[in-house]
K.L.:
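Just dropping this structure here.
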Amino acid sequence: MIPEDLYYSEEHEWVRIEGDVAIVGITDFAQEQLGDIVYVDLPSVGDRVESGSVVGELESTKSVSDIFSPLSGEVVAVNESLDGASEVINSDPYGEGWLVKIRPSAEDPTEGLLASTEYAALVSA
């Protein structure tokens with residue numbers, strides 16, 4: 001399941017642009033690879049993040065995995081509903097399982113990200 005209206009990073013994060021904010025989460029492929037997610041560590045509202053930098057952590061029954069920011073900007077919201085209910089990332093990665101909202105600093109925040117067809121080719125390789 002790779003929604004066509006999103007952008008993707010090679011590290012398996014997705015980006016949805018809504019107005020001047022980018023909503024970020026991990027892809028269905030990523031959550032399948034991780035297994036049952038049991039803990040999420042996210043950045044704080046107001047934090048500045050750089051594209052490609054580690055901004056948090058996902059802990060699953062299999063491993064611990066870094067969350068990479070797919071773009072640069074300021075964190076304007078974190079999904080606090082994941083605190084104590086991180087399994088939502090597994091059940092609804094493109095909806096209620098979103099991780100952070102970032103106000104991008106770049107004029108074109110999708111530059112360098114993959115379209116759905118490019119991401120599909122990446123994960124099928």
Side-chain angles (χ1 to χ4, degrees):
M1 179 167 91
I2 302 173
E4 293 179 9
D5 62 329
L6 304 178
Y7 296 91
Y8 301 87
S9 73
E10 291 183 3
E11 291 79 24
H12 309 289
E13 284 83 20
W14 58 261
V15 176
R16 176 183 294 120
I17 304 295
E18 289 187 357
D20 67 343
V21 172
I23 303 169
V24 177
I26 66 164
T27 64
D28 188 52
F29 176 84
Q31 70 80 22
E32 280 183 16
Q33 296 299 306
L34 285 169
D36 294 335
I37 297 170
V38 295
Y39 177 74
V40 182
D41 180 33
L42 297 173
S44 299
V45 171
D47 284 357
R48 302 231 18 106
V49 296
E50 294 296 322
S51 178
S53 66
V54 174
V55 296
E57 231 175 42
L58 295 172
E59 186 176 327
S60 73
T61 54
K62 291 182 181 178
S63 66
V64 175
S65 181
D66 289 332
I67 303 166
F68 296 92
S69 181
L71 47 96
S72 298
E74 178 185 353
V75 176
V76 295
V78 296
N79 190 347
E80 294 178 5
S81 68
L82 297 176
D83 193 24
S86 54
E87 67 276 1
V88 172
I89 298 169
N90 293 112
S91 62
D92 191 11
Y94 298 113
E96 295 301 313
W98 65 274
L99 302 174
V100 296
K101 294 182 181 181
I102 299 171
R103 181 167 294 114
S105 56
E107 194 170 311
D108 180 5
T110 64
E111 187 176 338
L113 296 176
L114 306 173
S116 61
T117 53
E118 295 169 311
Y119 183 70
L122 174 75
V123 297
S124 67

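These values consider heavy atoms only, across backbone and side chains, with no hydrogens, waters or symmetry-generated copies. Note that the structure is a prediction, hence the values are computed from the model and not measured.
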K.L.:
For residues Val64 and Glu59, report the shortest heavy-atom separation together with the two atoms involved.
P.N.:
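Distance-wise, the nearest heavy atoms are CG2-CG, 3.8 Å.
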
K.L.:
Rounded to the nearest 0.5 Å, what's the gap from CD1 on Ile17 to CD1 on Ile23? Could you check?
P.N.:
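Going from CD1 on Ile17 over to CD1 on Ile23, the span is 9.0 Å.
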
K.L.:
Does Leu113 belong to the same Ile/Leu/Val/Met/Phe/Trp/Tyr cluster as Leu122, with side-chain heavy atoms less than 4.5 Å apart forming each link?
P.N.:
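No, Leu113 does not connect to Leu122 through the hydrophobic network.
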
K.L.:
Looking at every heavy atom in both Ser86 and Val40, which two are closest together, and how far apart are they?
P.N.:
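Heavy atoms of Ser86 and Val40 come nearest at CB-CG2, 3.5 Å.
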
K.L.:
Would a single hydrophobic cluster contain both Val88 and Val78, if residues Ile, Leu, Val, Met, Phe, Trp and Tyr are joined by side-chain heavy-atom contacts under 4.5 Å?
P.N.:
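Shared cluster, yes.
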
K.L.:
Look only at the side chain of Trp14 and the backbone of Tyr7, and say whether a donor-acceptor pair between them is shorter than 3.5 Å.
P.N.:
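No, the answer is negative, given that no donor and acceptor are paired below the 3.5 Å cut-off.
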
K.L.:
In chain order, what residues pass the salt bridge (Lys or Arg N to Asp or Glu O under 4.0 Å) check against Arg103, with sequence neighbours excluded?
P.N.:
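Checked Arg103 against salt bridge (Lys or Arg N to Asp or Glu O under 4.0 Å); matches are Asp20.
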
K.L.:
Membership question, hydrophobic clusters at under 4.5 Å side-chain separation (ILVMFWY): are Val49 and Leu82 in the same one?
P.N.:
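Yes: a chain of side-chain contacts under 4.5 Å links Leu82 to Val49.
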
K.L.:
Does anything in residues 108-123 pair up under side-chain hydrogen bond (donor to acceptor under 3.5 Å, both in side chains), and if so which pairs, sequence neighbours excluded?
P.N.:
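side-chain hydrogen bond (donor to acceptor under 3.5 Å, both in side chains) check on residues 108-123 returns His12-Tyr119, Thr27-Tyr119, Asp108-Thr110.
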
K.L.:
Using only atom types and a distance under 3.5 Å, with no angle test, would you say the side chain of Glu13 pairs donor to acceptor with the backbone of Phe68?
P.N.:
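Confirmed, Glu13 side chain pairs with Phe68 backbone.
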
K.L.:
Flag yes if Ile26 and Phe29 sit in one hydrophobic cluster, no otherwise; membership is Ile, Leu, Val, Met, Phe, Trp, Tyr, and two members link when side-chain heavy atoms are under 4.5 Å apart.
P.N.:
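In one cluster with Ile26: Phe29, no.
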
K.L.:
Provide the closest heavy-atom pair for Ala77 versus Val45 in the form atom of the first, atom of the second, distance.
P.N.:
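The pair with the smallest heavy-atom distance is CA-CG2, 3.9 Å.
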
K.L.:
Could you state the interatomic distance from CD1 (Ile89) to CG (Leu58), rounded to the nearest 0.5 Å?
P.N.:
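CG of Leu58 is found 5.0 Å from CD1 of Ile89.
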
K.L.:
Identify the heavy atoms of Pro43 and Val55 that sit nearest to each other, and give their distance.
P.N.:
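The pair with the smallest heavy-atom distance is CD-O, 3.0 Å.
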
K.L.:
Listed by chain and number, what are the side chain to side chain donor-acceptor pair (under 3.5 Å) partners of Ser81, not counting sequence neighbours?
P.N.:
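Ser81 satisfies side chain to side chain donor-acceptor pair (under 3.5 Å) with Asn79 only.
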
K.L.:
Would you name the heavy atoms of Asn90 and Ile37 that are closest together and state the gap between them?
P.N.:
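The pair with the smallest heavy-atom distance is OD1-N, 2.8 Å.
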
K.L.:
Scan residues 69-86 for pairs that pass salt bridge (charged side-chain N to carboxylate O under 4.0 Å, His left out), counting only residues two or more places apart or in two chains.
P.N.:
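Pairs touching residues 69-86 that pass the test: none.
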
K.L.:
Strictly by side-chain hydrogen bond (donor to acceptor under 3.5 Å, both in side chains), give each pair with a member in residues 33-58 just once, sequence neighbours left out.
P.N.:
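For residues 33-58: Glu50-Ser72.
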
K.L.:
Going only through I, L, V, M, F, W and Y residues with side-chain contacts under 4.5 Å, is there a path from Val15 to Trp98?
P.N.:
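Looking at the clustering, Trp98 is in a separate group from Val15.
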
K.L.:
side-chain contact (heavy atoms from CB on, under 4.5 Å) with Ala120: which residues, sequence neighbours excluded?
P.N.:
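Scan of Ala120 (side-chain contact (heavy atoms from CB on, under 4.5 Å), adjacent residues dropped) gives Ile2.
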
K.L.:
Mark yes or no for whether Arg16, through its side chain, and Tyr94, through its backbone, hold a donor-acceptor pair below 3.5 Å.
P.N.:
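A pair under 3.5 Å: yes.
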
K.L.:
Do you know which two heavy atoms are closest between Leu71 and Ala22, and how far apart they sit?
P.N.:
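Minimum heavy-atom contact is CD2-CB, 3.8 Å.
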
